[in-house]
Amino acid sequence: AWLEAASLWPSHMEGQEKEDSKPQLSAVPRLGRGVAGLVLLARTTEAYRKAVAAFDRSEARTTVAAVVQGEPNAETLAAARERGVEIQVLRASEGLCFGRLSIVTAARICGPQPGEKEVRRCLAAFGHPVIGKGAMCAHVSGISGTYLSLVHLEFGQVSATVSVPPSFGGLLDVDAAKLQRLGAEGWAGRTEHTSGKVSFDGLDLVVPAGVFVPRLSGLHVVEAASRLPLANAPRVLDAGTGSGCLLCALLARLPSASGVGVDIDPNAVAASANNVRSTGAGDRGSTRQLSFRDLRAFVDEGCRPFDLAVSNPPYLPRRVAKHVAFARELASQSEVAFVAGEDGLEAYRELAASLGSPGVLAPGAWVVLGCQPERSAAAAAIFVETSLFRVHEDLGASVVLSFEGR
(Lines give C-alpha, C1' and ligand atoms only; values in the text may rest on other atoms or scores of the structure.)
Protein backbone atom coordinates (compact mmCIF):
# COMPACT_ATOMS: atom_id res chain seq x y z
CA ALA A 1 0.00 0.00 0.00
CA TRP A 2 1.19 3.50 -0.76
CA LEU A 3 0.86 5.63 2.35
CA GLU A 4 2.81 8.62 1.00
CA ALA A 5 -0.29 9.90 -0.77
CA ALA A 6 -2.09 10.17 2.53
CA SER A 7 0.17 13.04 3.63
CA LEU A 8 0.61 14.76 0.27
CA TRP A 9 -2.96 14.60 -0.93
CA PRO A 10 -4.60 17.42 1.14
CA SER A 11 -2.10 20.12 0.07
CA HIS A 12 -2.32 19.01 -3.54
CA MET A 13 -6.09 19.34 -3.59
CA GLU A 14 -5.85 23.07 -2.80
CA GLY A 15 -8.78 22.83 -0.46
CA GLN A 16 -9.24 22.93 3.25
CA GLU A 17 -10.99 20.25 5.25
CA LYS A 18 -14.51 21.15 6.16
CA GLU A 19 -15.20 21.59 9.81
CA ASP A 20 -17.52 18.60 9.86
CA SER A 21 -15.01 16.37 8.01
CA LYS A 22 -13.63 13.53 10.08
CA PRO A 23 -9.98 12.56 9.48
CA GLN A 24 -9.85 9.14 7.82
CA LEU A 25 -8.03 7.12 5.21
CA SER A 26 -10.18 5.97 2.30
CA ALA A 27 -8.88 3.97 -0.62
CA VAL A 28 -9.78 5.43 -4.01
CA PRO A 29 -11.15 2.31 -5.78
CA ARG A 30 -10.21 3.36 -9.29
CA LEU A 31 -8.72 0.13 -10.56
CA GLY A 32 -10.77 -2.39 -8.58
CA ARG A 33 -10.45 -4.94 -5.80
CA GLY A 34 -8.82 -7.52 -8.05
CA VAL A 35 -5.70 -5.39 -8.45
CA ALA A 36 -2.65 -5.60 -6.19
CA GLY A 37 0.15 -3.04 -5.77
CA LEU A 38 -0.21 0.67 -5.10
CA VAL A 39 -3.21 2.06 -3.26
CA LEU A 40 -4.21 5.73 -3.40
CA LEU A 41 -5.52 6.94 -0.05
CA ALA A 42 -7.56 10.08 0.63
CA ARG A 43 -7.73 11.58 4.14
CA THR A 44 -11.08 13.34 3.73
CA THR A 45 -14.36 12.78 1.95
CA GLU A 46 -13.77 15.88 -0.16
CA ALA A 47 -10.32 14.66 -1.19
CA TYR A 48 -11.81 11.30 -2.06
CA ARG A 49 -14.39 12.87 -4.37
CA LYS A 50 -11.83 15.11 -6.07
CA ALA A 51 -9.50 12.16 -6.60
CA VAL A 52 -12.19 10.15 -8.38
CA ALA A 53 -13.06 13.16 -10.53
CA ALA A 54 -9.40 13.74 -11.34
CA PHE A 55 -9.07 10.19 -12.65
CA ASP A 56 -12.08 10.76 -14.86
CA ARG A 57 -10.53 13.99 -16.19
CA SER A 58 -7.34 12.11 -17.16
CA GLU A 59 -5.21 14.02 -14.66
CA ALA A 60 -3.61 10.80 -13.37
CA ARG A 61 -1.27 8.35 -15.09
CA THR A 62 -1.05 4.71 -14.14
CA THR A 63 0.94 1.66 -15.19
CA VAL A 64 -0.22 -1.86 -14.44
CA ALA A 65 1.72 -5.12 -14.51
CA ALA A 66 0.06 -8.41 -15.37
CA VAL A 67 0.71 -12.04 -16.16
CA VAL A 68 -0.93 -12.75 -19.50
CA GLN A 69 -1.42 -15.71 -21.78
CA GLY A 70 1.00 -15.82 -24.70
CA GLU A 71 3.72 -13.34 -25.60
CA PRO A 72 2.91 -10.08 -27.42
CA ASN A 73 4.95 -9.74 -30.62
CA ALA A 74 6.18 -6.57 -32.31
CA GLU A 75 3.03 -6.33 -34.41
CA THR A 76 0.82 -6.50 -31.33
CA LEU A 77 2.88 -3.89 -29.49
CA ALA A 78 2.63 -1.54 -32.48
CA ALA A 79 -1.13 -2.08 -32.74
CA ALA A 80 -1.48 -1.31 -29.04
CA ARG A 81 0.44 1.96 -29.41
CA GLU A 82 -1.86 2.97 -32.27
CA ARG A 83 -4.77 2.52 -29.88
CA GLY A 84 -3.09 4.57 -27.16
CA VAL A 85 -1.72 1.77 -25.00
CA GLU A 86 1.98 1.26 -24.31
CA ILE A 87 2.76 -2.41 -23.59
CA GLN A 88 6.18 -3.70 -22.59
CA VAL A 89 7.13 -7.35 -22.18
CA LEU A 90 9.29 -7.84 -19.09
CA ARG A 91 9.64 -11.60 -19.26
CA ALA A 92 8.18 -14.66 -21.00
CA SER A 93 8.51 -18.41 -20.57
CA GLU A 94 6.90 -21.71 -21.57
CA GLY A 95 5.14 -23.85 -18.97
CA LEU A 96 3.14 -27.04 -18.70
CA CYS A 97 -0.28 -25.97 -17.43
CA PHE A 98 -0.60 -22.53 -19.02
CA GLY A 99 1.63 -22.73 -22.07
CA ARG A 100 3.36 -19.47 -22.99
CA LEU A 101 3.07 -16.84 -20.23
CA SER A 102 4.39 -13.27 -20.15
CA ILE A 103 4.79 -10.58 -17.53
CA VAL A 104 3.87 -7.27 -19.14
CA THR A 105 3.29 -3.67 -18.16
CA ALA A 106 0.57 -1.59 -19.77
CA ALA A 107 -0.04 2.14 -19.61
CA ARG A 108 -2.58 4.29 -21.41
CA ILE A 109 -0.80 7.05 -23.30
CA CYS A 110 -3.74 9.44 -23.18
CA GLY A 111 -7.36 9.56 -22.14
CA PRO A 112 -9.11 8.42 -18.94
CA GLN A 113 -7.23 5.83 -16.93
CA PRO A 114 -9.00 2.46 -17.12
CA GLY A 115 -10.39 0.41 -14.26
CA GLU A 116 -9.78 -3.28 -13.67
CA LYS A 117 -12.43 -4.52 -16.11
CA GLU A 118 -11.21 -2.16 -18.82
CA VAL A 119 -7.60 -3.31 -18.34
CA ARG A 120 -8.62 -6.95 -18.63
CA ARG A 121 -10.75 -6.30 -21.70
CA CYS A 122 -7.98 -4.29 -23.34
CA LEU A 123 -5.33 -6.98 -22.91
CA ALA A 124 -7.78 -9.68 -23.97
CA ALA A 125 -8.61 -7.68 -27.10
CA PHE A 126 -4.94 -7.85 -28.07
CA GLY A 127 -5.05 -11.64 -27.67
CA HIS A 128 -3.38 -11.81 -24.26
CA PRO A 129 -5.93 -12.28 -21.43
CA VAL A 130 -4.84 -11.77 -17.84
CA ILE A 131 -4.29 -14.96 -15.84
CA GLY A 132 -6.50 -15.52 -12.79
CA LYS A 133 -9.87 -14.09 -13.76
CA GLY A 134 -12.66 -15.34 -11.51
CA ALA A 135 -12.60 -17.36 -8.30
CA MET A 136 -14.03 -20.56 -9.80
CA CYS A 137 -11.66 -20.52 -12.76
CA ALA A 138 -8.76 -19.86 -10.44
CA HIS A 139 -9.71 -22.82 -8.25
CA VAL A 140 -10.10 -25.23 -11.15
CA SER A 141 -6.82 -24.29 -12.79
CA GLY A 142 -4.83 -24.19 -9.56
CA ILE A 143 -4.43 -20.40 -9.46
CA SER A 144 -4.51 -18.50 -6.18
CA GLY A 145 -4.22 -14.74 -5.84
CA THR A 146 -4.32 -12.00 -8.45
CA TYR A 147 -1.92 -11.42 -11.32
CA LEU A 148 -2.79 -7.80 -12.03
CA SER A 149 -0.97 -5.06 -10.12
CA LEU A 150 -0.75 -1.25 -10.13
CA VAL A 151 3.00 -0.57 -10.21
CA HIS A 152 3.20 3.15 -11.06
CA LEU A 153 1.02 6.17 -10.31
CA GLU A 154 1.54 9.84 -11.17
CA PHE A 155 -0.84 12.47 -9.88
CA GLY A 156 0.05 16.12 -9.62
CA GLN A 157 3.04 16.44 -7.30
CA VAL A 158 2.91 12.80 -6.31
CA SER A 159 4.69 9.96 -8.08
CA ALA A 160 5.21 6.43 -6.80
CA THR A 161 6.56 3.20 -8.25
CA VAL A 162 6.77 -0.31 -6.82
CA SER A 163 8.26 -3.52 -8.16
CA VAL A 164 6.27 -6.20 -9.92
CA PRO A 165 5.02 -8.65 -7.23
CA PRO A 166 7.36 -11.66 -6.80
CA SER A 167 4.37 -13.99 -7.21
CA PHE A 168 4.22 -13.06 -10.91
CA GLY A 169 7.65 -14.51 -11.60
CA GLY A 170 6.90 -17.36 -9.24
CA LEU A 171 3.94 -18.47 -11.36
CA LEU A 172 6.13 -18.60 -14.47
CA ASP A 173 8.92 -20.42 -12.61
CA VAL A 174 6.64 -23.12 -11.20
CA ASP A 175 4.90 -23.78 -14.51
CA ALA A 176 8.22 -23.87 -16.39
CA ALA A 177 9.61 -26.34 -13.86
CA LYS A 178 6.60 -28.62 -14.42
CA LEU A 179 7.29 -28.62 -18.14
CA GLN A 180 10.96 -29.44 -17.57
CA ARG A 181 9.91 -32.47 -15.55
CA LEU A 182 7.62 -33.69 -18.34
CA GLY A 183 10.00 -36.41 -19.43
CA ALA A 184 10.50 -37.76 -15.91
CA GLU A 185 10.10 -41.52 -15.59
CA GLY A 186 6.61 -42.59 -14.56
CA TRP A 187 5.03 -39.20 -15.27
CA ALA A 188 1.40 -39.66 -16.34
CA GLY A 189 -0.25 -36.27 -16.07
CA ARG A 190 -0.90 -33.66 -18.70
CA THR A 191 1.00 -34.17 -21.94
CA GLU A 192 -0.20 -31.38 -24.25
CA HIS A 193 3.41 -30.47 -25.02
CA THR A 194 4.48 -33.87 -26.33
CA SER A 195 4.97 -34.63 -30.00
CA GLY A 196 2.01 -37.04 -30.08
CA LYS A 197 3.54 -40.05 -28.32
CA VAL A 198 2.19 -40.65 -24.82
CA SER A 199 2.96 -43.23 -22.16
CA PHE A 200 -0.09 -44.38 -20.20
CA ASP A 201 -0.13 -47.25 -17.70
CA GLY A 202 3.01 -48.68 -19.28
CA LEU A 203 1.58 -48.55 -22.80
CA ASP A 204 2.92 -46.45 -25.66
CA LEU A 205 0.07 -44.62 -27.34
CA VAL A 206 -0.10 -42.19 -30.25
CA VAL A 207 -2.37 -39.18 -29.71
CA PRO A 208 -2.71 -37.00 -32.82
CA ALA A 209 -3.59 -33.32 -32.66
CA GLY A 210 -7.24 -32.73 -31.88
CA VAL A 211 -7.65 -35.85 -29.70
CA PHE A 212 -7.95 -35.66 -25.91
CA VAL A 213 -4.61 -36.36 -24.25
CA PRO A 214 -4.57 -39.01 -21.46
CA ARG A 215 -4.54 -37.60 -17.93
CA LEU A 216 -3.56 -38.98 -14.57
CA SER A 217 -7.28 -38.94 -13.73
CA GLY A 218 -7.77 -41.66 -16.33
CA LEU A 219 -5.29 -43.89 -14.55
CA HIS A 220 -7.39 -43.63 -11.39
CA VAL A 221 -10.32 -45.07 -13.35
CA VAL A 222 -8.24 -47.96 -14.70
CA GLU A 223 -6.89 -48.87 -11.27
CA ALA A 224 -10.33 -48.79 -9.64
CA ALA A 225 -11.89 -50.87 -12.41
CA SER A 226 -9.14 -53.51 -12.45
CA ARG A 227 -9.65 -54.18 -8.72
CA LEU A 228 -13.33 -55.12 -9.11
CA PRO A 229 -14.64 -58.72 -8.89
CA LEU A 230 -15.55 -59.01 -12.56
CA ALA A 231 -17.27 -61.87 -14.35
CA ASN A 232 -15.25 -64.34 -16.38
CA ALA A 233 -14.34 -62.92 -19.78
CA PRO A 234 -15.91 -59.55 -18.97
CA ARG A 235 -17.19 -57.30 -21.72
CA VAL A 236 -15.98 -53.71 -21.28
CA LEU A 237 -17.44 -50.43 -22.54
CA ASP A 238 -15.21 -47.34 -22.68
CA ALA A 239 -17.62 -44.42 -23.12
CA GLY A 240 -15.86 -41.36 -24.51
CA THR A 241 -12.78 -43.35 -25.42
CA GLY A 242 -10.69 -40.47 -26.82
CA SER A 243 -7.24 -41.94 -27.46
CA GLY A 244 -8.46 -45.33 -26.22
CA CYS A 245 -6.20 -45.16 -23.17
CA LEU A 246 -8.73 -46.64 -20.73
CA LEU A 247 -9.75 -49.43 -23.09
CA CYS A 248 -6.17 -50.35 -23.98
CA ALA A 249 -5.05 -50.33 -20.35
CA LEU A 250 -7.95 -52.49 -19.18
CA LEU A 251 -7.53 -55.01 -21.99
CA ALA A 252 -3.83 -55.24 -21.06
CA ARG A 253 -4.64 -55.76 -17.37
CA LEU A 254 -7.55 -58.15 -18.03
CA PRO A 255 -6.34 -60.75 -20.57
CA SER A 256 -9.72 -62.49 -20.76
CA ALA A 257 -11.69 -59.28 -21.36
CA SER A 258 -13.03 -57.87 -24.60
CA GLY A 259 -14.25 -54.35 -25.12
CA VAL A 260 -15.58 -51.53 -27.23
CA GLY A 261 -14.64 -47.87 -27.14
CA VAL A 262 -17.14 -45.27 -28.32
CA ASP A 263 -16.68 -41.57 -29.03
CA ILE A 264 -18.62 -38.92 -30.90
CA ASP A 265 -15.42 -37.54 -32.44
CA PRO A 266 -14.33 -39.46 -35.58
CA ASN A 267 -10.71 -38.42 -35.02
CA ALA A 268 -10.81 -39.98 -31.56
CA VAL A 269 -12.36 -43.17 -32.94
CA ALA A 270 -9.54 -43.50 -35.46
CA ALA A 271 -6.87 -42.81 -32.82
CA SER A 272 -8.39 -45.32 -30.41
CA ALA A 273 -8.61 -48.03 -33.07
CA ASN A 274 -4.96 -47.50 -33.94
CA ASN A 275 -3.87 -47.70 -30.30
CA VAL A 276 -5.92 -50.84 -29.65
CA ARG A 277 -4.15 -52.53 -32.54
CA SER A 278 -0.68 -51.24 -31.66
CA THR A 279 -0.96 -52.45 -28.06
CA GLY A 280 -1.76 -55.97 -29.19
CA ALA A 281 -5.47 -56.03 -28.32
CA GLY A 282 -6.86 -55.77 -31.84
CA ASP A 283 -8.50 -59.20 -31.61
CA ARG A 284 -10.34 -58.28 -28.38
CA GLY A 285 -11.07 -54.58 -28.79
CA SER A 286 -12.88 -52.36 -31.27
CA THR A 287 -14.07 -48.76 -31.54
CA ARG A 288 -17.02 -47.01 -33.12
CA GLN A 289 -18.47 -43.52 -33.47
CA LEU A 290 -21.36 -43.21 -31.04
CA SER A 291 -22.60 -40.60 -28.58
CA PHE A 292 -23.44 -41.22 -24.92
CA ARG A 293 -27.13 -40.88 -25.76
CA ASP A 294 -26.98 -43.63 -28.38
CA LEU A 295 -25.62 -46.54 -26.32
CA ARG A 296 -28.98 -48.24 -26.78
CA ALA A 297 -27.74 -49.09 -30.29
CA PHE A 298 -25.81 -52.04 -28.84
CA VAL A 299 -29.08 -53.55 -27.58
CA ASP A 300 -30.86 -52.95 -30.88
CA GLU A 301 -28.03 -54.77 -32.64
CA GLY A 302 -28.33 -57.77 -30.31
CA CYS A 303 -24.92 -57.28 -28.67
CA ARG A 304 -24.06 -58.92 -25.39
CA PRO A 305 -24.55 -56.61 -22.35
CA PHE A 306 -21.51 -55.01 -20.79
CA ASP A 307 -20.12 -56.23 -17.47
CA LEU A 308 -18.05 -53.10 -16.93
CA ALA A 309 -18.51 -49.54 -18.17
CA VAL A 310 -15.76 -46.97 -17.66
CA SER A 311 -15.63 -43.31 -18.58
CA ASN A 312 -13.53 -40.26 -17.90
CA PRO A 313 -16.11 -37.86 -19.33
CA PRO A 314 -15.90 -34.11 -19.86
CA TYR A 315 -16.79 -32.28 -16.65
CA LEU A 316 -15.94 -28.61 -17.10
CA PRO A 317 -18.73 -26.01 -16.99
CA ARG A 318 -18.80 -24.06 -20.23
CA ARG A 319 -17.84 -20.76 -18.58
CA VAL A 320 -14.81 -22.36 -16.89
CA ALA A 321 -13.55 -23.94 -20.12
CA LYS A 322 -13.36 -20.44 -21.62
CA HIS A 323 -10.81 -19.45 -19.01
CA VAL A 324 -7.32 -18.67 -20.23
CA ALA A 325 -5.84 -21.61 -18.32
CA PHE A 326 -7.48 -23.99 -20.79
CA ALA A 327 -6.55 -22.08 -23.93
CA ARG A 328 -3.69 -24.44 -24.80
CA GLU A 329 -5.82 -27.57 -24.43
CA LEU A 330 -8.67 -26.16 -26.50
CA ALA A 331 -6.24 -25.02 -29.18
CA SER A 332 -5.03 -28.59 -29.73
CA GLN A 333 -7.95 -30.77 -28.60
CA SER A 334 -11.69 -31.00 -29.19
CA GLU A 335 -13.90 -28.82 -26.99
CA VAL A 336 -16.39 -31.69 -26.55
CA ALA A 337 -13.69 -33.53 -24.60
CA PHE A 338 -13.74 -30.80 -21.94
CA VAL A 339 -17.13 -29.08 -21.82
CA ALA A 340 -20.23 -30.68 -20.29
CA GLY A 341 -23.00 -28.12 -20.23
CA GLU A 342 -23.43 -25.11 -17.99
CA ASP A 343 -22.81 -27.01 -14.73
CA GLY A 344 -20.27 -29.57 -15.92
CA LEU A 345 -22.57 -32.52 -15.17
CA GLU A 346 -24.38 -33.00 -18.47
CA ALA A 347 -22.21 -35.94 -19.56
CA TYR A 348 -23.06 -37.81 -16.35
CA ARG A 349 -26.76 -37.27 -16.97
CA GLU A 350 -26.48 -38.69 -20.48
CA LEU A 351 -24.50 -41.68 -19.26
CA ALA A 352 -26.90 -42.41 -16.40
CA ALA A 353 -29.84 -42.45 -18.79
CA SER A 354 -28.16 -44.56 -21.48
CA LEU A 355 -26.41 -47.06 -19.20
CA GLY A 356 -29.68 -47.54 -17.36
CA SER A 357 -31.50 -48.55 -20.53
CA PRO A 358 -32.57 -52.23 -20.45
CA GLY A 359 -29.98 -54.54 -21.96
CA VAL A 360 -27.02 -52.16 -22.06
CA LEU A 361 -25.50 -53.42 -18.79
CA ALA A 362 -25.55 -56.97 -17.50
CA PRO A 363 -27.07 -57.68 -14.06
CA GLY A 364 -24.47 -56.91 -11.40
CA ALA A 365 -22.37 -54.82 -13.80
CA TRP A 366 -19.96 -52.15 -12.59
CA VAL A 367 -19.59 -48.51 -13.64
CA VAL A 368 -16.39 -46.55 -12.91
CA LEU A 369 -16.35 -42.81 -13.59
CA GLY A 370 -13.60 -40.22 -13.53
CA CYS A 371 -14.67 -37.08 -11.69
CA GLN A 372 -13.59 -33.52 -11.14
CA PRO A 373 -12.05 -33.29 -7.65
CA GLU A 374 -14.64 -32.44 -4.98
CA ARG A 375 -17.58 -33.13 -7.34
CA SER A 376 -17.65 -36.92 -7.17
CA ALA A 377 -20.71 -36.90 -4.89
CA ALA A 378 -22.66 -34.73 -7.33
CA ALA A 379 -21.76 -37.04 -10.23
CA ALA A 380 -22.70 -40.17 -8.27
CA ALA A 381 -26.01 -38.65 -7.14
CA ILE A 382 -27.18 -38.39 -10.75
CA PHE A 383 -26.86 -42.18 -11.12
CA VAL A 384 -28.32 -42.98 -7.71
CA GLU A 385 -31.40 -40.86 -8.43
CA THR A 386 -32.35 -43.27 -11.23
CA SER A 387 -32.76 -46.03 -8.56
CA LEU A 388 -30.72 -48.31 -10.84
CA PHE A 389 -27.28 -47.69 -9.38
CA ARG A 390 -25.68 -47.78 -5.95
CA VAL A 391 -22.43 -46.17 -4.86
CA HIS A 392 -19.89 -48.87 -4.12
CA GLU A 393 -16.94 -46.61 -3.47
CA ASP A 394 -16.26 -42.88 -3.74
CA LEU A 395 -12.54 -42.38 -4.34
CA GLY A 396 -12.65 -38.63 -4.90
CA ALA A 397 -11.05 -38.64 -8.35
CA SER A 398 -13.31 -41.53 -9.38
CA VAL A 399 -16.57 -43.19 -8.34
CA VAL A 400 -17.41 -46.91 -8.47
CA LEU A 401 -21.09 -47.76 -8.93
CA SER A 402 -22.87 -51.10 -8.98
CA PHE A 403 -25.74 -51.67 -11.36
CA GLU A 404 -28.81 -52.90 -9.48
CA GLY A 405 -30.94 -53.43 -12.61
CA ARG A 406 -34.64 -52.89 -13.09
Side-chain angles (χ1 to χ4, degrees), residues 134-137 139-141 210-215 217-218 220-221 224-225 237-247 260-269 272 287-299 306 309-323 325-327 329-331 333-358 360-361 365-391 394-401 403:
M136 184 174 184
C137 294
H139 172 72
V140 171
S141 56
V211 177
F212 187 73
V213 179
R215 303 299 207 272
S217 57
H220 296 322
V221 174
L237 170 66
D238 178 8
T241 188
S243 64
C245 62
L246 301 187
L247 179 61
V260 180
V262 301
D263 204 292
I264 196 172
D265 182 0
N267 293 324
V269 172
S272 178
T287 60
R288 61 184 294 183
Q289 186 176 357
L290 206 64
S291 70
F292 290 166
R293 297 177 180 178
D294 298 326
L295 297 181
R296 175 75 189 179
F298 288 108
V299 180
F306 294 100
V310 296
S311 182
N312 192 23
Y315 48 60
L316 288 181
R318 189 174 305 280
R319 65 184 183 281
V320 175
K322 293 180 180 179
H323 183 249
F326 300 100
E329 286 96 329
L330 294 177
Q333 299 164 85
S334 173
E335 181 175 331
V336 298
F338 293 89
V339 180
E342 298 305 318
D343 62 357
L345 297 172
E346 187 60 31
Y348 297 104
R349 296 189 185 97
E350 294 181 3
L351 283 171
S354 292
L355 292 176
S357 297
V360 175
L361 295 179
W366 299 94
V367 177
V368 184
L369 305 168
C371 302
Q372 182 180 344
E374 300 180 2
R375 300 200 73 188
S376 56
I382 294 173
F383 284 78
V384 174
E385 287 171 0
T386 66
S387 300
L388 299 174
F389 300 89
R390 181 176 60 84
V391 177
D394 186 340
L395 300 171
S398 63
V399 171
V400 181
L401 303 157
F403 178 59

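In this text the structure is predicted, and so the values were computed from the model without any measurement. For the numbers below, each heavy atom of this structure counts, side chains included, while hydrogens, waters and symmetry mates do not.
Taking the side-chain contact (heavy atoms from CB on, under 4.5 Å) definition, one finds that Val299 meets it with Arg296, Val360, sequence neighbours left out. Residues meeting the side-chain contact (heavy atoms from CB on, under 4.5 Å) test with Arg293, sequence neighbours left out: Ser291, Glu346, Glu350. A search for side-chain contact (heavy atoms from CB on, under 4.5 Å) contacts involving Ala225 returns Leu250, Leu308, Val310, Val368, not counting sequence neighbours. Every residue two or more places apart in sequence or in another chain that forms a side chain to side chain donor-acceptor pair (under 3.5 Å) with Thr241 is listed here: Asp238, Ser272. When the ring-ring contact (aromatic ring centres under 6.0 Å, His included) test is applied to Phe306, the partners found at least two apart in sequence or on another chain are Phe298. By the side-chain contact (heavy atoms from CB on, under 4.5 Å) test, Arg390 pairs with Ser402, Glu404, sequence neighbours left out.
The two residues Ser376 and Asp394 come nearest to each other via the heavy atoms OG-OD1, 2.9 Å. Val399 approaches Ala380 most closely through the heavy-atom pair CG1-CB, 3.9 Å. Of all the heavy atoms in Leu351 and Ala239, the pair that sits closest is CD2-CB, 3.8 Å. When all heavy atoms are compared, the tightest approach of Gly356 to Phe403 is CA-CE1, 4.5 Å. Residue Asp263 comes nearest to Gly242 through the heavy atom pair OD2-N, 2.9 Å, listed as atom of the first residue, atom of the second, then distance.
Taken to the nearest 0.5 Å, the CG atom of Leu361 stands 10.0 Å off from the OG atom of Ser354. In this structure, Phe383 CZ and Tyr348 OH are separated by 8.5 Å, a value rounded to the nearest 0.5 Å. To the nearest 0.5 Å, atoms CG (Leu237) and CG (Leu355) are separated by 6.5 Å. Note: Gln289 CD to Ile264 CD1 = 7.0 Å, rounded to the nearest 0.5 Å. In this structure, CG in Leu395 is found 11.0 Å from CG in Leu369, a value given to the nearest 0.5 Å. Taken to the nearest 0.5 Å, the CG atom of Leu388 stands 11.5 Å off from the CG atom of Leu401.
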Dump the intermediate steps for side-chain contact (heavy atoms from CB on, under 4.5 Å) on Ser311 and Phe292, then the final yes or no. CA-CA 10 Å; Ser311 182; Phe292 290 166; 4.1 Å; yes
Might you work through the side-chain contact (heavy atoms from CB on, under 4.5 Å) test for Leu295 and Leu290, ending with a clear yes or no? CA-CA 7 Å; Leu295 297 181; Leu290 206 64; 4.3 Å; yes
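In this structure, Val262 and Thr287 have side chains that are not in contact, with every pair of non-hydrogen atoms separated by 4.5 Å or more.
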